[in-house]
Chemist: 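One structure follows; several queries about it will come next.
Hydrogens, waters and symmetry mates play no part in the numbers below; they use all other heavy atoms, side chains included. Whatever order the structure lists them in is the order used to number ligands and atoms, beginning at 1.
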Amino acid sequence: MNDFLNLCRDAVGAAHVLTAEADVAPYLTDWRRRFTGKALAVVKPASPEEVAAIVRLCSQFRVPIVPQGGNTGMVLGSVPDASGTSIVLSLTRLNRIRGIDTVNNTMTVEAGCVLETIQNAAADAGRLFPLSLAAEGSCTIGGNLSTNAGGVAVLRYGNTRELCLGLEVVTPQGDIWSGLKGLRKDNTGYDLRDLFIGAEGTLGVITAAVLKLFPQPKAKLTALAALETPDDALRLLSIAQARCGATLTAFELMSEICLHLVTKHFPQIRLPFAQHYPQYVLLELSDSESEEHATAMLEGLIEEALEQGCIVDAVVASSIAQSNALWNLREHISMAQAAEGKNIKHDISVPISRIGEFIRITDVALQDAFPGCRMVTFGHLGDGNLHYNVSPPENGSDEEFIRHQEAINRVVHDSVDRFGGSISAEHGLGALKRDEVRRYKSETEMALMWTLKQAIDPLGIMNPGKVI
Ligand code: FAD
Ligand code: 2HG
Ligand code: ZN
């Protein structure tokens, strides 16, 4: 393997082929600290041509490639296995914004650009790039595209797939496919772009993308409503959609325990109510007219929701600082749950209309089987996507609890399946759910996926052991 590593050094420069244990370590453990793998090296190219050169070497030496962006993925997709035979291909040096076209309303960016940098560059050009999630300060657009990330604005703007008009990809053979035309209409055969989006690095390496930009809203208003049940949240959603239409840009459900964990582990973050309630909804309006228009709309919505009895209290942020404080409650849930200890995540979706029933039935089934387990349920209610995460009973042992992961997954995922849902709504499959998904997909679906994988990556060097 020395020959291989020396050729990699020739291709990207010796300083960008990391092999020392301390240098490689940060790339080997996933964000949740559930697994630490091993790698031959971490290779950090700085251009599509350098990526292509490394992929050609990997193909020649049959070295598996694990693409990695910000390493914030939730399903063990971005870290290598324990064999020590792969390289981690870090895309973080491909971080140029290649251009912004404010007439076409597009931005061309390299895969290693951090999401927040893209949002800021769009804002500087007077535009909005709406993809937004709690990891935006460190996740990369290449990772967002490869997982088809969702986040908190899907309700209005769609998943990452809907925000992408074109891709540049290095194929498993080391060729560069440039599909960066930025067209809104192009029906010239199979849609290769959509094949690579959501492929989690198993079909090729995304090196650049053309992203859609939107007008900046004139006003943004955030409110936190307190409620009794998830069914009440669904009633609130219907009222909000009827009154606000496309102005409603976020609708996030959080159960009491989520905010309890946030305020416990981040005491500087406060709940804006004098008492606790069973459920909360964080909602945001992005108005294209004016602050006054948005305020009137939000006040009317809250009044009707109070009258109809689907909310019991609400606060509206009257400044950017207050809005950030409300969003902080939502965006610290994952970190608070991690600080509390190990947990079992379920990133599920069911038809929006069935969410209340799903939560009721699944909660009972889980409590029967694992008395005292804590359901830390939150998520993107407006998209039918819940993070139905389970933590051990208070003062229970993490290790003991994690041993039941398989059985807990069975209860939750079988319930999801009965409700016609998906066991991975927005995080992907990675290594964590690769085997699990086979229980719920038909043989035909799996066979079609295999056919694609084998046709595009016949040597099986792209992120092996993930997805399929
Ligand atoms: P990585 O974790 O590095 O990689 C993810 C996958 O993409 C891996 O399979 C990797 O091999 C592949 N990959 C990465 N870059 C490339 C590339 N250039 N070419 C080919 N393959 C590549 N996800 C959501 O959908 N919605 C959320 O609201 C959300 N919130 C989050 C909040 C927190 C606090 C955290 C830690 C994570 C959250 N995530 C969320 C999960 C995560 O999927 C996203 O953070 C993000 O999309 C991953 O980007 P990344 O650059 O970190 O990718
Ligand atoms: C979110 O919506 C993310 O905040 C993370 O998708 C969810 O921690 C989780 O389970
Ligand atoms: Zn989410």
Chemist: Charged N to carboxylate O below 4.0 Å: is that the case for Glu162 and Lys212?
Modeler: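 Answer for the salt bridge query: no.
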Chemist: Please write down residue, atom name and distance for the protein heavy atom closest to atom 44 (C) of ligand 1.
Modeler: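 Heavy-atom neighbour on the protein nearest atom 44 (C) of ligand 1: Thr72 OG1, 3.5 Å.
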Chemist: Are any of the N or O atoms of Arg330 closer than 3.5 Å to those of ligand 1?
Modeler: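 The answer is no, given that Arg330 and ligand 1 share no N or O pair closer than 3.5 Å.
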Chemist: May I ask you to list the atoms of ligand 1 that are less than 4.0 angstrom from any heavy atom of Gly204?
Modeler: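 Counting atoms of ligand 1 from 1, those under 4.0 Å from Gly204 are 20 (C).
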Chemist: Looking at Leu91, which atoms of ligand 1 are within less than 4.0 Å of one of its heavy atoms?
Modeler: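 Going through ligand 1 atom by atom, the ones under 4.0 Å from Leu91 are 18 (N).
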Chemist: For ligand 1, does Lys466 get within less than 4.0 Å through its side chain, its backbone, both, or neither, judged by non-hydrogen atoms?
Modeler: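 Under 4.0 Å from ligand 1, Lys466 contributes no heavy atoms.
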Chemist: Just wondering, do Leu94 and Val51 contact through their side chains at under 4.5 Å, heavy atoms?
Modeler: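 In short, these two side chains touch, coming nearer than 4.5 Å.
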Chemist: Taking only heavy atoms of Gly151, which atoms of ligand 1 are found under 4.0 Å from at least one of them?
Modeler: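 So the atoms of ligand 1 that pass are 26 (N), 27 (C), 28 (O).
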Chemist: Checking contacts here: is it the side chain or the backbone of Asn144 that comes within 4.0 Å of ligand 1, counting heavy atoms only? Could be both or neither.
Modeler: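 Asn144 to ligand 1: contacts from backbone and side chain alike.
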Chemist: Indicate the ring-plane relationship of Tyr388 and His346, choosing parallel, tilted or perpendicular according to the 30° and 60° boundaries.
Modeler: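 If you compare the ring of Tyr388 with that of His346, the planes turn out tilted.
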Chemist: Which ligand 1 atoms does Asn463 reach within 4.0 Å, using its non-hydrogen atoms?
Modeler: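 Taking each heavy atom of Asn463 in turn, ligand 1 has 9 (O), 11 (O) under 4.0 Å.
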Chemist: Which of the atoms in ligand 1, numbered in the order shown and given with their element, are less than 4.0 Å from a heavy-atom of Gly142?
Modeler: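 Per the distance check, 15 (N), 16 (C), 18 (N).
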Chemist: Please work out which of the three classes, parallel, tilted or perpendicular, describes the rings of His387 and Phe378, given edges at 30° and 60°.
Modeler: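 If you compare the ring of Phe378 with that of His387, the planes turn out tilted.
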Chemist: Which protein atoms of type N, O or S are found under 2.8 Å from the Zn ion (ligand 3)?
Modeler: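 Per the 2.8 Å query on the Zn ion (ligand 3), atoms found are His380 NE2, His387 NE2, Glu426 OE2.
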Chemist: Looking at atom 18 (N) of ligand 1, what's its closest protein heavy atom, distance included?
Modeler: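 Of every protein heavy atom, Ile206 O, 2.9 Å lies nearest to atom 18 (N) of ligand 1.
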Chemist: Only pairs at least two apart or in different chains count here, so list each side chain to side chain donor-acceptor pair (under 3.5 Å) that has a residue in residues 196-209.
Modeler: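 Non-adjacent pairs meeting side chain to side chain donor-acceptor pair (under 3.5 Å): Glu168-Thr207.
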Chemist: Is the closest N or O pair between Pro67 and ligand 1 shorter than 3.5 Å?
Modeler: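 For ligand 1, there is an N or O atom that lies under 3.5 Å from one belonging to Pro67.
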Chemist: For Asp231, is there an ion pair with Arg360 - N to carboxylate O distance below 4.0 angstrom?
Modeler: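 A salt bridge is present here (some side-chain N lies under 4.0 Å from a carboxylate O).
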Chemist: Within a distance under 4.0 Å of any heavy atom of Thr147, pick out the atoms of ligand 1 and give their elements.
Modeler: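 Close to Thr147: 5 (C), 6 (C), 43 (O), 47 (O).
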Chemist: Between ligand 2 and the protein, which N/O pairs fall short of 3.5 Å?
Modeler:
from: ligand 2; atom 1: 2 (O); to: Arg330; atom 2: NH2; distance (Å): 2.7
from: ligand 2; atom 1: 2 (O); to: His380; atom 2: NE2; distance (Å): 3.0
from: ligand 2; atom 1: 2 (O); to: His387; atom 2: NE2; distance (Å): 3.0
from: ligand 2; atom 1: 4 (O); to: Arg330; atom 2: NH1; distance (Å): 3.1
from: ligand 2; atom 1: 4 (O); to: Arg330; atom 2: NH2; distance (Å): 3.3
from: ligand 2; atom 1: 6 (O); to: His387; atom 2: NE2; distance (Å): 3.0
from: ligand 2; atom 1: 6 (O); to: Glu426; atom 2: OE2; distance (Å): 2.9
from: ligand 2; atom 1: 6 (O); to: His427; atom 2: NE2; distance (Å): 2.7
from: ligand 2; atom 1: 8 (O); to: Ser334; atom 2: OG; distance (Å): 2.6
from: ligand 2; atom 1: 8 (O); to: Lys345; atom 2: NZ; distance (Å): 2.7
from: ligand 2; atom 1: 10 (O); to: Lys345; atom 2: NZ; distance (Å): 3.1
from: ligand 2; atom 1: 10 (O); to: Asn389; atom 2: ND2; distance (Å): 2.9

Chemist: Taking the side chain as C-beta and beyond, is there a heavy-atom pair between Ile348 and Phe419 under 4.5 Å?
Modeler: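 Side chain of Ile348 against side chain of Phe419, heavy atoms only: no contact under 4.5 Å found.
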Chemist: Without hydrogens or angle criteria, can the side chains of Thr229 and Gln279 be said to hold a donor-acceptor pair below 3.5 Å?
Modeler: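 No pair is found: no donor N or O on one side chain lies under 3.5 Å from an acceptor on the other.
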Chemist: Just wondering, are more than 12 heavy atoms of other shown residues or ligands nearer than 6.0 Å to CZ in Arg410?
Modeler: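 More than 12 heavy atoms, drawn from other residues, nucleotides or ligands, come within 6.0 Å of this atom.
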Chemist: Does atom CZ of Arg98 have more than 12 heavy-atom neighbours, drawn from other residues, nucleotides or ligands, at distances under 6.0 Å?
Modeler: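 Correct, the count exceeds 12.
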Chemist: Flag the pair Glu110 and Arg93 as a salt bridge only when some basic side-chain nitrogen lies within less than 4.0 angstrom of an acidic carboxylate oxygen.
Modeler: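 Result for this pair is no, no salt bridge flagged.
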Chemist: Please state which protein non-hydrogen atom is closest to atom 4 (O) of ligand 1 and give its distance, to 0.1 Å?
Modeler: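 Atom 4 (O) of ligand 1 sits closest to the protein heavy atom Ser78 CB, 3.5 Å.
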Chemist: With a cut-off of 4.0 Å, which atoms of ligand 1 are near a heavy atom of Gln68?
Modeler: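 Those of ligand 1 that fall under 4.0 Å from Gln68 are 3 (O).
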Chemist: Parallel, tilted or perpendicular: which describes the rings of Tyr280 and Phe273, with under 30° parallel and over 60° perpendicular?
Modeler: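 Because their plane-to-plane angle is under 30°, the rings of Tyr280 and Phe273 count as parallel.
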Chemist: For the pair Lys181 and Asp186, find out whether any cationic side-chain nitrogen is under 4.0 Å from an anionic carboxylate oxygen.
Modeler: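 Between Asp186 and Lys181 there is no salt bridge, as every charged N stays at least 4.0 Å from the carboxylate O atoms.
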Chemist: Between Glu200, Met74, His380, Glu426, which one has a non-hydrogen atom sitting closest to atom 35 (C) of ligand 1?
Modeler: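 Nearest heavy atom to atom 35 (C) of ligand 1 lies in Met74.
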Chemist: Which of the atoms of ligand 1 are close to Ala149, meaning less than 4.0 Å from one of its heavy atoms?
Modeler: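 Those qualifying, in numeric order: 25 (O), 47 (O).
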Chemist: Using heavy atoms and a 4.0 Å limit, tell me yes or no: is Asn71 in contact with ligand 1?
Modeler: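 Contact check Asn71 vs ligand 1: positive.
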Chemist: Where the closest heavy atom to atom 17 (C) of ligand 1 is concerned, which of Ala111, Ser146, Cys139 has it?
Modeler: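 Shortest heavy-atom distance from atom 17 (C) of ligand 1: Ser146.
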Chemist: Would you say Val205 has any N or O atom under 3.5 Å from an N or O of ligand 1, going by distance alone?
Modeler: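 N/O-N/O distance below 3.5 Å does not exist for this pair.
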Chemist: For Asp457, is there an ion pair with Lys453 - N to carboxylate O distance below 4.0 angstrom?
Modeler: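 Yes.
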Chemist: Quick check: closest heavy atoms across Ile197 and Leu145, and the distance to 0.1 Å?
Modeler: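 In terms of heavy atoms, the two residues are closest at CG2-O, 3.3 Å.
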Chemist: Considering only non-hydrogen protein atoms, determine which one is nearest to atom 50 (P) of ligand 1 and report residue, atom name and distance to 0.1 Å.
Modeler: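 Sorting protein heavy atoms by distance from atom 50 (P) of ligand 1 puts Gly70 N, 3.4 Å first.
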Chemist: Quick one: does Met375's side chain get under 4.5 Å of Cys373's, heavy atoms only?
Modeler: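 The answer is yes, as the side chains (C-beta and beyond) meet within the 4.5 Å cut-off.
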Chemist: Salt bridge or not between Asp30 and Arg32? Use side-chain N to carboxylate O under 4.0 Å.
Modeler: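 No.
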Chemist: With only distance considered, is Ser138 within less than 3.5 Å of ligand 1 through an N or O on each side?
Modeler: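 For ligand 1, there is no N or O atom that lies under 3.5 Å from one belonging to Ser138.
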Chemist: Between Gly150, Gly201, Gly143, flag the one that comes closest to atom 53 (O) of ligand 1 by a heavy atom.
Modeler: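 Looking at heavy atoms only, Gly143 sits closest to atom 53 (O) of ligand 1.
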Chemist: Is the closest side-chain heavy-atom distance between Leu366 and Val412 below 4.5 Å?
Modeler: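 Side chain of Leu366 against side chain of Val412, heavy atoms only: contact under 4.5 Å found.
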Chemist: Can Tyr27 and Lys44 be counted as having a side-chain donor-acceptor contact under 3.5 angstrom?
Modeler: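 Yes, side-chain donor-acceptor contact under 3.5 Å.
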Chemist: If you measure every N/O of Leu133 against every N/O of ligand 1, is any gap under 3.5 Å?
Modeler: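 No; every N/O pair is 3.5 Å or more apart.
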Chemist: To the nearest 0.1 Å, how far is atom 2 (O) of ligand 1 from its closest protein heavy atom, and which atom is that?
Modeler: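 Of every protein heavy atom, Gly73 N, 2.8 Å lies nearest to atom 2 (O) of ligand 1.
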Chemist: Answer yes or no: does atom CD of Glu21 have more than 12 heavy-atom neighbours from other residues, nucleotides or ligands under 6.0 Å?
Modeler: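 No, the 6.0 Å shell around CD holds no more than 12 heavy atoms from other groups.
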Chemist: What pairs meet the side chain to side chain donor-acceptor pair (under 3.5 Å) rule with one or both residues in residues 111-123, with sequence neighbours excluded?
Modeler: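 Counting only pairs at least two positions apart or across chains, the side chain to side chain donor-acceptor pair (under 3.5 Å) contacts touching residues 111-123 are Gln119-Glu136.
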